[in-house]
Protein chains: 2
Amino acid sequence: MNAKPPTSLDVARLAGVSQATVSYVLNDRPGMRISDETRARVREAADRLGYVPHAGARTLRTGRSGLVLISMEDIPYGPLAVGMLEELDRELSRRGYTLVQYGARRLRGVPAARAWAELRPVAVLAGAGKLSRQALEVLRSAGVKAVIALGNQPSPVVPSVALDHEGIGVLAAGHLIDRGCRTLAAIVPTEVGLREMGERRLAGVQRVARARGVPLTRVDLPFREESAAALADLWRAVDGVFAYNDEYAMLLMAVLGDAGLTVPGDVRVVGCDDLPLAALLRPRLTTVRLDLSAMPSTLVQRLEELIAEGQGTPYRIDPWTATLVVRESS
Amino acid sequence: MNAKPPTSLDVARLAGVSQATVSYVLNDRPGMRISDETRARVREAADRLGYVPHAGARTLRTGRSGLVLISMEDIPYGPLAVGMLEELDRELSRRGYTLVQYGARRLRGVPAARAWAELRPVAVLAGAGKLSRQALEVLRSAGVKAVIALGNQPSPVVPSVALDHEGIGVLAAGHLIDRGCRTLAAIVPTEVGLREMGERRLAGVQRVARARGVPLTRVDLPFREESAAALADLWRAVDGVFAYNDEYAMLLMAVLGDAGLTVPGDVRVVGCDDLPLAALLRPRLTTVRLDLSAMPSTLVQRLEELIAEGQGTPYRIDPWTATLVVRESS
DNA sequence: TTGTAGGCGTTATCAA
DNA sequence: TTGATAACGCCTACAA
């Protein structure tokens, strides 16, 4: 019960060989010719003792932990992100790495990067906001080989995997104008963490609206029914709204209905994310679907490049695809 | 650039003291009287070098990693769970532990528990399904002090924090019958991972329905509009449905509307989770709200008990609260 | 008040 | 084909 965990030395003793042999066998080190009988004895002994190697000791000795840290706070949890995470985990463990989600807020004034560095990870994925030059220095000096920024906009200091939020706005605005909308509005959420994304998406809408001569109103909106309902006059004055995402679209459609406005007759609405609820709204919601399925492999590829070649390149953006899912009845 | 990370010895040399002194100062070890000047010199040196202690080495030496592992797969990601996780992280780091989310699937046939054990965590939180007696043995033998099962039903072998899904069903059924429903249906999702929970909730509905003499139909339903629509006859035959959760409730309400049935006039519907969308449906959705706010602190408390006293107790369930949010207009 | 020395579990070098 | 042995970075009992 209170016995200390068995070590490779324990295994060696039980198998009647040396510690080194145990290491050779268990890591089946190439180039070492060890008799099958010895191998079997070692394996058997390890099994019987329930031997599990000590990751810390191995890291200490080899200088490589194989850990890939990803910060929890910077992941917009949802079906999309979770699926991507799981695939990323699979992909990484396939290549011998270990993905670990790690909090970014530390108490006692210890900055996040410092806490990450203690684990001597081989790579760190974190929101661009948390990768200050200073944080980066801490990581580099702790031997982190690859740092990649996640988030809404690219980091100026490390390679980034950033969603092209403007592209979403472009897609949505194009659709609305194509369908005949002449007066647009675009919702920007006021929630922290969302506003930034909202503004990027807005920028895309703006670009298209300007290019095609359609007036556009920016609507800063908290996710509250009363707030949306209070803008009834505004909704009456436009005929097309990009709602930022499907949840905002649902909020909007609820208050539009309450105000006696019809969709898409009086106002067209476009959401984003293609949540299950999008197809369940009446009328069904037209939305922008993000395809992140290519992201895990891209991420891993970049990661291995950085690990191999060193973190040379300053920054760049990685691709993904967005498609419009048209559901409006018309 | 390629310099190896500074060690405490480097700090000692720069500060002109011994390695031991560095350790004393940086961990401000009580009982050690070290001059303020020395302290300052050590701190200064550590800063200048960007010294970050090596977690692996410390774990190796002290025998304690302070790591608390939680398995990613067993968390039903959503606003509720994410908030709880963040609070748990805060709570744990406040007490000197480090929460880390870790994948449960390993390749190469290495079972999850074995991979967890390599990190020598002090505690492991994982789905009851992953905590077989065998897995537990591996963990215990690796020095894991506390193992707590998360999930839908308690583990027979370790302490569990399990949601009282039956209670949800009881609450929902009570409400429906109180409001005059005489023929109930309860949805059980067919998705893996959800079905189990659905059946627990169903059991609660069943208990109440039986006790109050109300007939109940179990409806196994995939989350697809066509499937729900195909059951139009069934929906017509009941006057109260517990929809498992808010998303299913939304699905149901969409097809009810399509079939010309009114809510709550023809059929009453109760959801669960009190998602934002619940208040946005028309009519607004009555739902069961889960309050998990007490869970992180309870969890941490149990954890520390187990660490201190050893994993003695076989198992038990921990509390939480569910409340009914009534929104129906009537 | 500070320094010396040993060992935690693992891998790798070298010798047998 | 296998076995001693040293070293990774840190902490701590003990010595000075």
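To find a chain, count down the sequence lines: A is the first, B the second, and so on, and within it residues start at 1.
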Walking DNA chain D from its 5' end, the first of A:I34 and B:N27 to be reached, judged by nearest nucleotide, is A:I34
Evaluate the side-chain proximity of [Y] to [X]: yes if any heavy-atom separation is below 4.5 Å, no if none is.
X      : Y      : value
A:V42  : A:Y24  : no
A:V122 : A:R64  : no
A:R120 : B:P5   : yes
A:L125 : A:L299 : yes

Nucleotide [N], atom [atom2] - distance to [atom1] of [X] in whole Å:
X     : N      : atom1 : atom2 : result
B:L26 : D:dC11 : CG    : P     : 8 Å
A:Q19 : D:dT5  : CD    : P     : 12 Å
B:D10 : D:dC8  : CG    : P     : 11 Å
A:H54 : D:dG9  : NE2   : P     : 16 Å
A:R13 : D:dG3  : CZ    : P     : 14 Å
A:L9  : C:dT10 : CG    : P     : 9 Å
B:K4  : D:dC10 : NZ    : C1'   : 15 Å

Compare side-chain N and O positions of [X] against OP1 and OP2 of [N] and report whether any pair is under 4.0 Å apart.
X     : N      : result
B:T7  : D:dC8  : no
B:S8  : D:dG9  : no
B:T21 : C:dG3  : yes
B:R58 : D:dC8  : no
B:Y24 : D:dC10 : no

Is it true that [X] and [Y] make a salt bridge, defined as a side-chain N closer than 4.0 Å to a carboxylate O?
X      : Y      : value
B:R90  : B:E87  : yes
A:E137 : A:R133 : no
A:D36  : A:R39  : no

Q) Can any side-chain N or O of B:N27 pair as donor or acceptor with the backbone N or O of B:R29 at less than 3.5 Å? A)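 Checked: no pair found.
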Per the under-4.0 Å heavy-atom filter, residues of residues 60-68 of chain B near DNA chain D come out as B:R61, B:T62
B:E305 vs B:R302, test: salt bridge (Lys or Arg N to Asp or Glu O under 4.0 Å). Steps then yes/no. CA-CA 5 Å; B:E305 285 172 22; B:R302 295 276 184 264; 3.7 Å; yes
Taking all non-hydrogen atoms of both residues, which atom of B:A117 and which atom of B:V138 are closest, and how far apart?
->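 Smallest heavy-atom distance, with atoms named: CB-CG1, 4.0 Å.
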Dot-bracket assigned to DNA chain C with the 3.5 Å Watson-Crick/G-U criterion, [ ] for crossing and | for other-strand pairs, is ||||||||||||||||
- When all nucleic acid strands are considered with a 4.0 Å heavy-atom cut-off, which category describes B:T38: base, sugar-phosphate, or nothing?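 The residue B:T38 makes sugar-phosphate contact but no base contact.
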Q. Which part of the nucleic acid, if any, lies within reach of A:P53 when heavy atoms closer than 4.0 Å are counted: base, sugar-phosphate only, or nothing?
A.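 Sugar-phosphate: the residue A:P53, judged by heavy atoms under 4.0 Å, touches backbone atoms but no base.
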Q) If you find the nucleotide of DNA chain C closest to A:P5 and the one closest to A:A20, which residue's nucleotide is nearer the 5' end? A)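 Its nucleotide being nearer the 5' end, the pick is A:P5.
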Side-chain atoms of A:A57 come closest, of C:dG3, C:dG9, D:dA4, to C:dG9
